[in-house]
Amino acid sequence: MESTSLVDAKGLRDRYVGSLRSDDVGKRVTVCGWVARVREHGEHLVFVDVRDYSGIVQVVAHSSVELRSEFVVRVAGTVAKRPEGTDNSSLATGEIELTDTAIEVLSEAEPSPFSLQDRAEIDEATRLRFRFLDLRRERMQQNIRVRAKINSAIRASMERQGFTEIETPLLWTPTPEGAREFVVPSRLHLGSSYVLPQSPQLAKQLLMVAGFDRYYQIARCLRDEDLRADRQFEFTQLDLEASFVTQRDVMSFISDAVTAASQAAGIPLEGEIGAITWKDAMDRFGVDKPDMRYGNELIDVTSVFAGTSIRALSAPCLKALVAPNPSSLTRSRLDNLVDRAKSLGAKGLLWLRVIPGSDGLQLESPVSKFLTEDESKNLVAATNVSDGDVILIVGDEWQKACEVLGQLRIDLGRNQANPGEFRYVWVIDFPLFEGIDEEGRLVSTHHPFTMPNQEDFDKLASDPLSVRSQSYDLVLNGWELGSGSIRIHRGDIQSRIFSLLGVTEEEASNRFGFLLEAFKYGAPPHGGFAFGIDRLTALLVGEENIREVIAFPKTQSGSDLMTGAPKQIEAKVWDLLGLSVKPQKKDLS
RNA sequence: GGACCUGUGGUGCAGCUUGGAGUGCACGUCGGCCUGUCAAGCCGAAGGUCGCGGGUUCAAAUCCCGUCAGGUCCGCCA
C-alpha cells in the first residue's frame, strides 16, 4: 500500500503501521488495525499481519490467539529487526516486526463473504452488496485516495488561477430540455416540483452576471438517464465559468487543471494539449472523441467506386477501414461485424480480404465478381493494403458512414492502445446545430446558449447546419471528459437562436426567463467548461468503469445493492406530497 | 424499449455442445499437527433449492420457454 504522509497517530494508538521502519527498532509502540492474515505454526509461533490505513506490519505472537481475518485489534509490541534471512522485500515494513506483543481484540469479525486480497475478481453484485468490505481492498483504497488527490490538485489549480468556489442549489427549477431530470415534489407547493440539476449551467452564468468573474465548483450533477460503464445517475464535475474570456483562455484554465490532476495521479503530462476540429475528427476517426493513442484512420474511397454497379457501394460517401488484426477475422467474425454495423445504423458492411492472385493482389469478398479490375487496383492503392489485410467499407451519408466505421475502428483497435499512455485532445469547431428534428426544428449540439462562431454569423439564416460554434470538448484516450463553450450574452443573438430552434418567446421566458431577465442588466461576455472527475479519475488509475472510483455507486439498473434503494415508500409520505402511485402493469395481471 | 454475455457449497472456477446419482479443482471456514512464515505447510471434516418458475423427457445443472439479478452495448445522455 502506498505510504501516505501521515499525521501523528492519536487515541488508541501511537503509530500507523506503515510508518514503522528499521529506525524504530527497540521502540515500544501501540498500533490498531485489521487482521489481514494469520499464519499459525503451532501455539509457540503465530504471525499476524495487521493492516491499517497506511500499510501492513507483521506481528509475532508466542501464545495461541483466537484471531481470524478482519478482526479489529490493538497491538502493543516492540519494534524488532527481523531475524537474518526473513526480511520481506515486498512489504514496506518488511525489515521489521513487532515482538513481545499483547494483542487486544477490539472487534470480532465474521468470515468475510469474499476475499479482501486482490487476487480474485469478485462478482459485481456481491461487491456492491458488501461495498464497505469491497472498499477495504487495496485497489479500491488506492482509487478513492487518488481521487481525493485529484480533487485537491484541481482545487489548487483553480485557486491559483483566481477562481472563486461557489455552491449552487441542488433544488433547482425544471428546464425541460436535454437530459431527463430527477424530480423532487414540493410539500409546501402541492403539485409543483423542484428538479435536481443536470448541471449548474444556468446558475453559473448568473454568477457571471453577478460579477464574480471566475467561478468554479466541484459539483454533483444528476441525470435520470440509462447508466453505462462511464455514466452514473449522479456524477461529479469540475464546473467553471469566467467573464471577459475567449475560448483560448477557457481551454488554458482547463489544461492547467487536468495537468495538475494528472500529476497528482502520478502521470506527468508533456507539452500542450493538441486540438482537432470536429470535422477532422469525424472524417479521420469517425467519432467526436477520438482515441489518439493509435492511428488506423478511416480512408475515403468514394471516388474509387464512383462508377460502380454494386448497389452496396452506391452511396454519397464511402469510408474504408483496414482491420488491424486481419488474421483473427474468420468468416463468422466478419458476419458479426456486419451485424454490429447494422446495429449501429448502417445499411450494411462490405468486407474485402486481400489474397495473392495470378497477377498481383486480388480481393476476396461477397461482391468480388462485380468488382472491376480498376476498382480493385485503385482500392488496394487507396488503402495501401498488402496480402492478408481485410478492408471494411461502409457506404452512407458522410456522417453516418464515418460514425459506423469509427465505432468498428474502436471495437477492433482497442487492444492497439497502450494502456500506460495518456493522450488528451481538444475537439473544436463543433457544428452549432446537430440536425433537424421530426418537426423541422434545428437541434442544438451543445445547448441553446452557445455562441456561434463569429465568421459564420451570416450563414445562420442561409445555411444554419454549416454554422460552427464556439464550443470545445476535452477528450482523453477516447473518453469525452467534458465540454464547454463561449455563451451568448446578448439578448438579440439569443432571440435569433431561439427562433431557429423553434422556441417561442413565451416558451423561452417560461423556461429561462430568469436568465434572459438577468441578461438585460449588463451581462459580461463569458464562457466556461465542465469535465467529469469520475471519468478522469477512472482513466488515470487505469479503470474501465467509473464505479471503481466511486465509493457507493449504483448498478446499471439504478439500484443500490447495499441499501436497497430505491425503495417503496409509505402511502402517507405520498399523501403529504399530494401524490399517489398508479398500479404497475405487472400488478394488474 | 432492444441485443448479447453471466448466474453451480461462503468466494473464484470447471462440468452444459453430445441429458444418465451434486462429480471435480483452488481459496475460505471448522478440527488436528506444526518454532520463522509472509498466498506458510501437512492431515481430516463440514458446507449445495446448480438464480427462480414452467415445459420436453423414463431421466434436466445440461435442451426449450418465461422471469429475476449482475454486466457490456444500441436507443437515451442539450
Side-chain angles (χ1 to χ4, degrees), chain A residues 36-50 56-64 68-70 80 82-91 93-94 97 99 110-130 133 175-181 198-199 201-202 221-233 235 336 339-346 403-404 407 410-411 430 432-435 437 442-450 469 471 480 483 485 497 501 503 511-512 532 544-545 547 554-559 561 586:
Chain A
R37 201 175 265 122
V38 181
R39 291 178 297 279
E40 206 179 344
H41 290 244
E43 64 176 14
H44 298 294
L45 182 63
V46 180
F47 297 106
V48 182
D49 287 344
V50 173
I56 285 181
V57 74
Q58 173 164 284
V59 169
V60 185
H62 287 285
S63 63
S64 179
R68 197 195 291 137
S69 291
E70 303 312 316
R82 290 194 183 193
E84 190 71 32
T86 62
D87 286 5
N88 183 350
S89 58
S90 62
L91 225 50
T93 60
E97 60 192 5
T99 57
E110 289 184 15
S112 172
F114 53 87
S115 166
L116 301 190
Q117 315 303 325
D118 267 331
R119 283 179 289 151
E121 280 300 318
I122 310 298
D123 177 61
E124 191 85 22
T126 311
R127 291 179 56 198
L128 290 175
R129 176 148 163 257
F130 298 97
L133 290 178
T175 51
E177 191 148 343
R180 188 180 302 113
E181 295 161 323
Q198 37 179 301
S199 81
Q201 180 61 37
L202 301 181
C221 307
L222 299 108
R223 297 181 185 172
D224 190 2
E225 297 287 354
D226 288 357
L227 287 68
R228 286 281 194 286
D230 62 350
R231 276 157 43 189
Q232 286 268 311
F233 283 152
F235 57 99
N336 289 345
D339 289 343
R340 171 77 168 155
K342 285 179 179 165
S343 84
L344 293 167
E403 281 169 356
V404 172
Q407 186 59 52
I410 294 168
D411 293 349
F430 275 79
L432 185 62
F433 305 106
E434 64 179 15
D437 69 11
L442 289 161
V443 180
S444 291
T445 302
H446 191 50
H447 57 59
F449 316 108
T450 305
S469 65
S471 69
E480 183 195 324
S483 59
S485 63
I497 299 296
L501 292 170
V503 178
R511 293 181 199 173
F512 318 113
E544 290 183 352
N545 195 301
R547 284 191 302 270
K554 309 250 181 316
T555 68
Q556 190 162 36
S557 61
S559 303
L561 297 181
K586 48 186 156 184

**Asked** Which part of the nucleic acid, if any, lies within contact of A/S485, taking any heavy atom under 4.0 Å across all strands shown: a base, the sugar-phosphate backbone alone, or nothing?
**Response** nothing
**Message:** Less than 4.5 Å apart, side chain to side chain, heavy atoms only: is that true for A/E40 and A/F47?
**Reply:** no
**Request:** Give a yes/no on whether any side-chain N or O of A/S115 is located under 4.0 angstrom from OP1 or OP2 of B/rG28.
**Result:** no
**Request:** Scan every strand shown for a Watson-Crick or G-U wobble partner of B/rA21, both distances under 3.5 Å, and answer none if you come up empty.
**Result:** none
**Atom pair distance, as rounded to whole Å: CD in A/E43 and P in B/rG32** = 11 Å
**Request:** Classify the side chain of A/R340 versus the base of B/rC74 as yes if they form a donor-acceptor pair under 3.5 Å and no if they do not.
**Result:** no
**Request:** Could you tell me whether A/N545 contacts a base, only the sugar-phosphate backbone, or nothing, with contacts defined as non-hydrogen atoms closer than 4.0 Å?
**Result:** sugar-phosphate
**Prompt:** Can you find an N or O donor on one side and an acceptor on the other, under 3.5 Å apart, linking the side chain of A/R223 with the base of B/rC77?
**Reply:** no
**Message:** Applying a 4.0 Å non-hydrogen cut-off, can you work out what A/D224 is touching in the nucleic acid: base, sugar-phosphate, or nothing?
**Reply:** nothing
**A/K342 NZ to B/rG75 P, straight-line distance once rounded to whole Å** = 18 Å
**Complete:** Taken to the nearest whole Å, CG/A/L561 to C1'/B/rC68 is 13 Å
**Request:** Ignoring backbone atoms, establish whether A/R68 has a side-chain N or O less than 4.0 Å from OP1 or OP2 of B/rC30.
**Result:** yes
**Message:** Whole angstroms only, please: what is the CG-P distance between A/D123 and B/rC5?
**Reply:** 18 Å
**Request:** Mind checking A/P113 for me? I need base, sugar-phosphate or nothing, with any heavy atom below 4.0 Å counting as a touch.
**Result:** sugar-phosphate
**Message:** Is it the case that the base of B/rG75 and the side chain of A/D226 share a donor-acceptor contact (distance under 3.5 Å, atom types as modelled)?
**Reply:** yes
**Prompt:** Should A/R127 be listed as having a side-chain N or O under 4.0 Å from OP1 or OP2 of B/rU11?
**Reply:** no
**Sugar-phosphate, base or nothing in reach of A/E40, heavy atoms under 4.0 Å** = base
**Asked** Which of the following nucleotides, B/rC73, B/rG12, B/rC38, is nearest to the side chain of A/Q58?
**Response** B/rC38
**Value in whole Å for how far the P atom of B/rG70 lies from CD1 of A/I122** = 18 Å
**Message:** Between C1' on B/rC76 and CD on A/Q556, what's the gap in Å once rounded to a whole number?
**Reply:** 13 Å
**Spacing of A/E97 atom CD relative to B/rC38 atom C1', expressed in whole Å** = 11 Å
**Message:** What's A/N336 touching, base or sugar-phosphate or nothing? Going by heavy atoms closer than 4.0 Å.
**Reply:** nothing
**Request:** Output the single nucleotide from B/rC38, B/rG70, B/rC74 whose closest atom is nearest the side chain of A/E124.
**Result:** B/rG70
**Prompt:** Which part of the nucleic acid does A/S69 contact within heavy-atom distance under 4.0 Å: base, sugar-phosphate only, or nothing?
**Reply:** nothing
**Request:** Scan A/T450 against the nucleic acid and name what it touches under 4.0 Å (heavy atoms): base, sugar-phosphate only, or nothing.
**Result:** nothing
**Request:** Please measure how far the P atom in B/rG1 lies from the corresponding atom in B/rU67, and state the result in whole Å.
**Result:** 12 Å
**Request:** For the side chain of A/F47, starting at C-beta, report the closest nucleotide among B/rG36, B/rU72, B/rC76.
**Result:** B/rG36
**Out of B/rU72, B/rG75, B/rU11, whichever nucleotide has its closest atom nearest the side chain of A/R547** = B/rU72
**Prompt:** Base, sugar-phosphate alone, or nothing: which one does A/Q117 contact when heavy atoms must sit under 4.0 Å apart?
**Reply:** nothing
**Asked** Whole-Å distance between B/rC77 P and A/R228 CZ?
**Response** 11 Å
**Request:** Considering just the side-chain nitrogens and oxygens of A/S557, establish if one lies under 4.0 Å of OP1 or OP2 belonging to B/rG70.
**Result:** yes
